[in-house]
Number of protein chains: 2
Amino acid sequence: MTLLKPETDQVQARFPPKLGRKRDHTRDPKILDAALEVLAETGYDGMTIDMVASRAKAGKATLYRRWPSKAELVIDAVACMKKNMHGDEPLPDTGTLRGDLVAMIKPHSIEDSERKMQIMAGLMSMISQAPELADAANAAIMEPRAALNRQLMYRAVERGEISSACDIESIAMISPCMVTYRTLMLRKPVDREFLVSLIDGVILPSLGLSAKPSAS
Amino acid sequence: MTLLKPETDQVQARFPPKLGRKRDHTRDPKILDAALEVLAETGYDGMTIDMVASRAKAGKATLYRRWPSKAELVIDAVACMKKNMHGDEPLPDTGTLRGDLVAMIKPHSIEDSERKMQIMAGLMSMISQAPELADAANAAIMEPRAALNRQLMYRAVERGEISSACDIESIAMISPCMVTYRTLMLRKPVDREFLVSLIDGVILPSLGLSAKPSAS
DNA sequence: TGGTTCCGATACTCGACAGTACCGTATAGA
DNA sequence: TCTATACGGTACTGTCGAGTATCGGAACCA
């Protein structure tokens with residue numbers, strides 16, 4: 001992204017060959033997926049290009065034909081995570097904020113979260129040296145979840161359930177942050193029980209709601 | 001810690017030499033400090049033993065006489081952070097929780113926090129492969145700050161300022177988590193303004209307190 | 001069918017770094 | 001003062017992986 005070598009590939013892009021085989025771009029996602037897999041398992045520095053190539057059943061040269069370096073491959077893989085995400089299911093609408101937040105706890109979203117945490121751990125060492133990677137990781141891993149929380153909360157404001165004076169921008173980040181900490185540092189499972197206790201013990205109180213609104 | 005080679009050092013420990021010079025243990029802290037410095041600057045994988053040695057003005061062999069490997073050196077350095085911390089200043093006691101929390105925001109503590117965040121970023125890649133390191137990093141970096149918050153909050157419970165039903169264990173982790181996220185991922189400064197907004201916008205509300213108790 | 005280019009595979013170069021060996025010197029104990 | 005050992009420094013070894021070069025075969029286009 002930053003440093004594109006002015007090499008063969010770019011020249012060929014300007015003067016496309018008239019004959020012969022065209023580049024098979026259907027293999028790109030497979031390679032990027034393999035990169036994310038290896039990244040999650042071994043971390044950036046433990047990851048080798050050969051691992052990614054063999055995992056994707058591709059040749060090492062093929063990878064270097066598409067990305068100028070290991071770093072660029074990883075940045076691209078993380079940046080593409082966002083696009084390649086499974087079609088967002090519609091937001092839950094249970095009528096109460098607590099109901100909505102709890103409804104977002106699904107086995108699928110927990111698995112998805114665990115995988116992302118692994119990837120993030122593998123990236124951290126490189127993040128402090130590549131700001132663009134930090135942005136990509138934030139956009140692909142932390143932001144999507146925070147954005148969902150924000151939407152639910154703003155809807156609760158419109159309903160009059162919570163005050164518009166609440167610091168929703170910050171509060172929406174609580175669960176992503178705490179989940180990250182719990183996974184990476186504490187190495188404890190992020191299960192339904194933990195998430196519910198976060199909702200009832202921290203998030204709802206900070207919005208001025210009691211945990212169990214027995215009446216409406 | 002995990003894999004101690006049964007080598008020369010251990011044999012010498014069993015049969016200490018009767019004559020000659022003894023090992024100069026006053027250099028250990030200097031080496032560990034140098035290791036933390038390099039760790040913060042370059043991360044675990046970017047750090048080389050030569051860097052640490054020259055930073056500590058020691059020979060590479062000296063390092064290997066004391067620690068069997070690079071990994072052990074780093075684990076030891078992180079574990080020793082906790083002990084080598086500057087004598088804790090007494091807890092503030094302003095009479096209100098908000099006053100206490102705000103009083104803890106000091107230039108020194110912010111600098112200290114930034115340094116620790118750098119070290120943590122450098123460690124992350126290794127943390128997912130060495131649980132003992134995760135524990136050490138947690139104990140040295142995250143826990144001390146959370147513990148301070150906890151103490152202040154439990155004191156507020158005793159004063160009757162907040163309810164004992166609050167999830168203090170979780171709420172005390174909010175600021176360490178959010179600070180970590182802001183530093184490592186967002187790469188924004190953790191200044192007084194941010195910390196105060198966290199206190200007033202998230203922490204106090206979650207404890208059932210309004211941001212500005214104009215009366216007592 | 002024929003020509004061209006991309007593919008996967010493999011072998012290679014080259015630099016970096018963990019860990020070891022060794023040297024001359026400094027220092028502390030006897 | 002003498003001696004054994006730890007010290008800082010440096011040269012060395014061995015490994016590992018990024019990136020390059022090349023090859024036979026396959027796929028695509030005309």
Side-chain angles (χ1 to χ4, degrees), chain A residues 3-5 7-31 34-35 38-39 41-75 122 125-126 129, chain B residues 3-31 34-35 38-39 42-75 125-126:
Chain A
L3 269 177
L4 278 179
K5 295 185 194 171
E7 300 287 340
T8 354
D9 276 0
Q10 286 199 342
V11 173
Q12 285 179 2
R14 276 182 203 264
F15 307 102
K18 300 276 193 273
L19 258 51
R21 196 177 168 189
K22 284 179 190 170
R23 179 166 289 179
D24 178 9
H25 275 251
T26 64
R27 269 173 177 73
D28 287 26
K30 197 167 189 176
I31 294 171
V38 178
L39 196 58
E41 289 170 18
T42 69
Y44 177 80
D45 301 275
M47 156 182 167
T48 72
I49 295 291
D50 291 274
M51 286 184 203
V52 178
S54 69
R55 182 87 51 124
K57 285 171 187 165
K60 187 155 67 157
T62 302
L63 272 67
Y64 279 103
R65 272 180 213 118
R66 289 151 206 247
W67 295 275
S69 71
K70 175 182 169 183
E72 304 275 348
L73 168 62
V74 169
I75 292 174
S125 65
M126 210 202 168
Q129 285 148 25
Chain B
L3 270 178
L4 278 179
K5 297 183 193 171
E7 299 286 339
T8 354
D9 277 359
Q10 286 199 342
V11 172
Q12 285 179 1
R14 276 183 203 262
F15 309 99
K18 298 279 192 278
L19 258 51
R21 194 179 169 187
K22 284 181 187 165
R23 179 166 288 179
D24 179 8
H25 276 251
T26 65
R27 270 174 175 74
D28 287 25
K30 196 167 189 175
I31 295 172
V38 178
L39 196 57
T42 69
Y44 177 80
D45 302 276
M47 155 183 168
T48 71
I49 295 290
D50 291 273
M51 286 184 202
V52 178
S54 68
R55 183 85 52 123
K57 285 172 186 163
K60 188 156 64 156
T62 302
L63 271 67
Y64 279 103
R65 273 180 213 116
R66 293 170 160 80
W67 295 276
S69 72
K70 175 183 169 182
E72 303 274 348
L73 168 62
V74 169
I75 292 174
S125 64
M126 210 201 169

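Keep in mind that what you see is a predicted model, and the values were worked out from it rather than measured. Chain naming here is simple, since letters A, B, ... match the order of the sequence lines and numbering starts at 1 in each.
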B/Arg27 and B/Thr62: CA distance, side-chain angles, deciding distance, side chain to side chain contact (heavy atoms under 4.5 Å, CB included) verdict
CA-CA 10 Å; B/Arg27 270 174 175 74; B/Thr62 302; 5.5 Å; no

Between [N] atom [atom2] and [X] atom [atom1], what is the distance in whole Å?
X       : N      : atom1 : atom2 : value
A/Leu63 : C/dC6  : CG    : P     : 16 Å
B/Arg27 : D/dC7  : CZ    : C1'   : 7 Å
A/Asp28 : C/dC6  : CG    : C1'   : 13 Å
B/Leu73 : C/dG19 : CG    : P     : 10 Å

Looking only at side-chain atoms of A/Arg21, point me to the closest of C/dA26, C/dC7, C/dG29.
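Among the listed nucleotides, the one closest to the side chain of A/Arg21 is C/dC7.
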
Could you run down nucleotides 9-18 of chain C 5' to 3' and tag each one B, S or - for protein heavy-atom contact under 4.0 Å?
B-B-----SS

Euclidean distance, A/Ile49 CD1 relative to A/Ser69 OG, rounded to 0.5 Å
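One finds 8.0 Å between OG of A/Ser69 and CD1 of A/Ile49.
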
Write down the atom of B/Gly46, the atom of B/Met51, and the distance for their closest heavy-atom approach.
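Answer, listing the atom of B/Gly46 first, then B/Met51: O-CE, 3.3 Å.
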
For residues A/Thr42 and A/Met47, report the shortest heavy-atom separation together with the two atoms involved.
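A/Thr42 and A/Met47 have their closest heavy atoms at OG1-N, 3.2 Å.
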
With A/Glu41 via side-chain hydrogen bond (donor to acceptor under 3.5 Å, both in side chains) - residues at least two apart:
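Residues passing side-chain hydrogen bond (donor to acceptor under 3.5 Å, both in side chains) with A/Glu41: A/Arg55.
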
If the cut-off is 4.0 Å, is A/Arg66 near the phosphate of C/dC7, judged by side-chain N/O to OP1 or OP2?
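It does, given that an N or O in the side chain of A/Arg66 lies less than 4.0 Å from OP1 or OP2 of C/dC7.
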
Run the side chain to side chain contact (heavy atoms under 4.5 Å, CB included) test on B/Asp45 and A/Tyr44 for me, step by step, so that the C-alpha distance in whole Å, both residues' side-chain angles and the decisive distance to 0.1 Å come before the verdict.
CA-CA 10 Å; B/Asp45 302 276; A/Tyr44 177 80; over 6 Å; no

